[in-house]
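Right, one structure below, let's go through it.
Quantities reported herein were computed from a predicted structural model and do not represent experimental measurements. Quick note on labels: first sequence line is chain A, next is B, and so on, each numbered from 1.
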Protein chains: 2
Amino acid sequence: MKQPTICPKFEKAISLLSQRWTALVIYQLLSGPQRFNEIQSSIGISGKVLSDRLKDLESQGVIKREVIPDTPVIIEYSLTEKGQSMEPIIRAIENWSQVWYKEETPSSDTP
Amino acid sequence: MKQPTICPKFEKAISLLSQRWTALVIYQLLSGPQRFNEIQSSIGISGKVLSDRLKDLESQGVIKREVIPDTPVIIEYSLTEKGQSMEPIIRAIENWSQVWYKEETPSSDTP
DNA sequence: ACATTAAGTTACTTTATGTAAGTTAGTATA
DNA sequence: TATACTAACTTACATAAAGTAACTTAATGT
């Protein structure tokens, strides 16, 4: 028995953002257009899932895929206006995380 | 080869929010303390996963679980200060969704 | 005594994600 | 000319997360 009374637009946005990696991909592209391998190595996602996500985000109009006929061909992903307009969401998350997560000592320099 | 250069605090926040249902649970609790079944039926989540999420969010200090010794006992979930402070994130998502998703005609009243 | 309700839990199935190897096209190097 | 190399993916297979439905427990209510 499902009777979610939640606004369908909001639900769509939530289901987009609560897919794993989606927010990180968008975050990454906020710093400018990037290529497949750049995104992959900077956020540590598997090629398979990144490929899925990029297709998905492209079909939703959040990012665009551009083929640059260099040799060999370069494929560049960037945010559309729709994607760019998600910046406030990402910044809100970033801001919250700075307030609520305390510094750790992840460095194992001194054993 | 993983070398994510992303701020660990931000990553934590993202991994919290990109778990399915997490944002909707928080959204739901923004309108006040609620009981298990209320949350379940309002967002359409399964009991199993809601149970998981509530434990998770509680252990992360985002929500609190309160046992009210009525008869039978009432269990009420509400946002902590940490949880409450996620409101700007949720509102940013809400706002974006209103701008970027156009009205649909989900009603099948007129075939 | 039997049914009902809230708040879960359990067992099992389906879907999503991860891993690693393979593909394709176009050079670059031996 | 043959072998290597790189970017951008795919594919096949393994593991983890989510969904479904039935079950549990404790305390009523009929």
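Placement of B/Leu30 and B/Leu16 within a single hydrophobic cluster is found when ILVMFWY residues are connected by side-chain heavy-atom separations under 4.5 Å, directly or transitively.
Going from atom CD1 of A/Ile63 over to atom C1' of D/dA8 covers 14 Å, rounded to whole Å. A straight line from CD of A/Gln40 to P of D/dT10 spans 12 Å, rounded to a whole angstrom. What separates CD1 of B/Ile68 from C1' of D/dA26 is a distance of 18 Å, to the nearest Å. Distance CH2 (B/Trp21) to P (D/dG19): 6 Å, rounded to an integer number of Å. In this structure, CD of A/Glu38 is placed 8 Å from P of D/dA8, rounded to the nearest angstrom. At whole-Å resolution of the value, CD1 in A/Ile74 and P in C/dT27 are 12 Å apart. With rounding to whole Å, B/Asp70 atom CG is found 12 Å from D/dT28 atom C1'. Rounded to whole angstrom, the span from the CD1 atom of B/Ile75 across to the C1' atom of D/dT25 amounts to 12 Å.
Not counting sequence neighbours, the partners of A/Pro33 by the side chain to side chain contact (heavy atoms under 4.5 Å, CB included) test are A/Glu76, A/Ser78.
Against DNA chain C, the stretch residues 49-60 of chain B makes heavy-atom approaches under 4.0 Å through B/Ser51, B/Lys55.
Among the nucleotides C/dT17, D/dA27, D/dG19, the one closest to the side chain of B/Pro72 is D/dA27. Of the candidates D/dA8, D/dT11, C/dA7, D/dA8 carries the atom nearest the A/Asn37 side chain, counting heavy atoms from C-beta on. When each of C/dA6, D/dA7, C/dT19 is scored by its nearest atom to the side-chain atoms of B/Arg35, the top-ranked nucleotide is C/dA6. With D/dA17, C/dA16, C/dA11 as the candidates, the nucleotide lying closest to the side chain of B/Arg20 is C/dA16.
Residue whose closest nucleotide on DNA chain D sits further toward the 5' end, between B/Ser46 and B/Val73: B/Ser46. When each of B/Ser18 and A/Arg65 is assigned the nucleotide of DNA chain D bearing its nearest heavy atom, the one mapping closer to the 5' terminus is A/Arg65.
Here ring pair (Phe, Tyr, Trp, His ring centres under 6.0 Å) pairs that include residues 26-61 of chain A, with residues two or more places apart or in two chains, are A/Tyr27-B/Phe10. Pairs of residues two or more places apart, or lying in two chains, that qualify as side-chain hydrogen bond (donor to acceptor under 3.5 Å, both in side chains) and include a residue from residues 52-63 of chain B are B/Asp56-B/Gln60.
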Would you give me the side-chain donor-acceptor pairs under 3.5 Å for residues 84-91 of chain A, sequence neighbours excluded?
unit_1	atom_1	unit_2	atom_2	d
A/Ser85	OG	A/Glu81	O	3.4
A/Ser85	OG	A/Lys82	O	2.7
A/Ser85	OG	B/Trp96	NE1	2.9
A/Ser85	OG	B/Trp100	NE1	2.8
A/Glu87	OE2	A/Arg91	NE	3.0
A/Glu87	OE2	A/Arg91	NH2	3.1
A/Arg91	NH1	A/Glu94	OE1	2.7

Going by atom type alone, with no hydrogens or angles, which donor-acceptor pairs under 3.5 Å involve a side-chain atom of residues 44-51 of chain B and a protein atom two or more places apart or on another chain?
unit_1	atom_1	unit_2	atom_2	d
B/Ser46	OG	B/Val49	N	3.3

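For C/dG8, one of the phosphate oxygens OP1 or OP2 lies less than 4.0 angstrom from a side-chain nitrogen or oxygen of B/Tyr77.
Remark: the backbone N or O of B/Val62 is paired with a side-chain donor or acceptor of B/Thr80 at under 3.5 angstrom.
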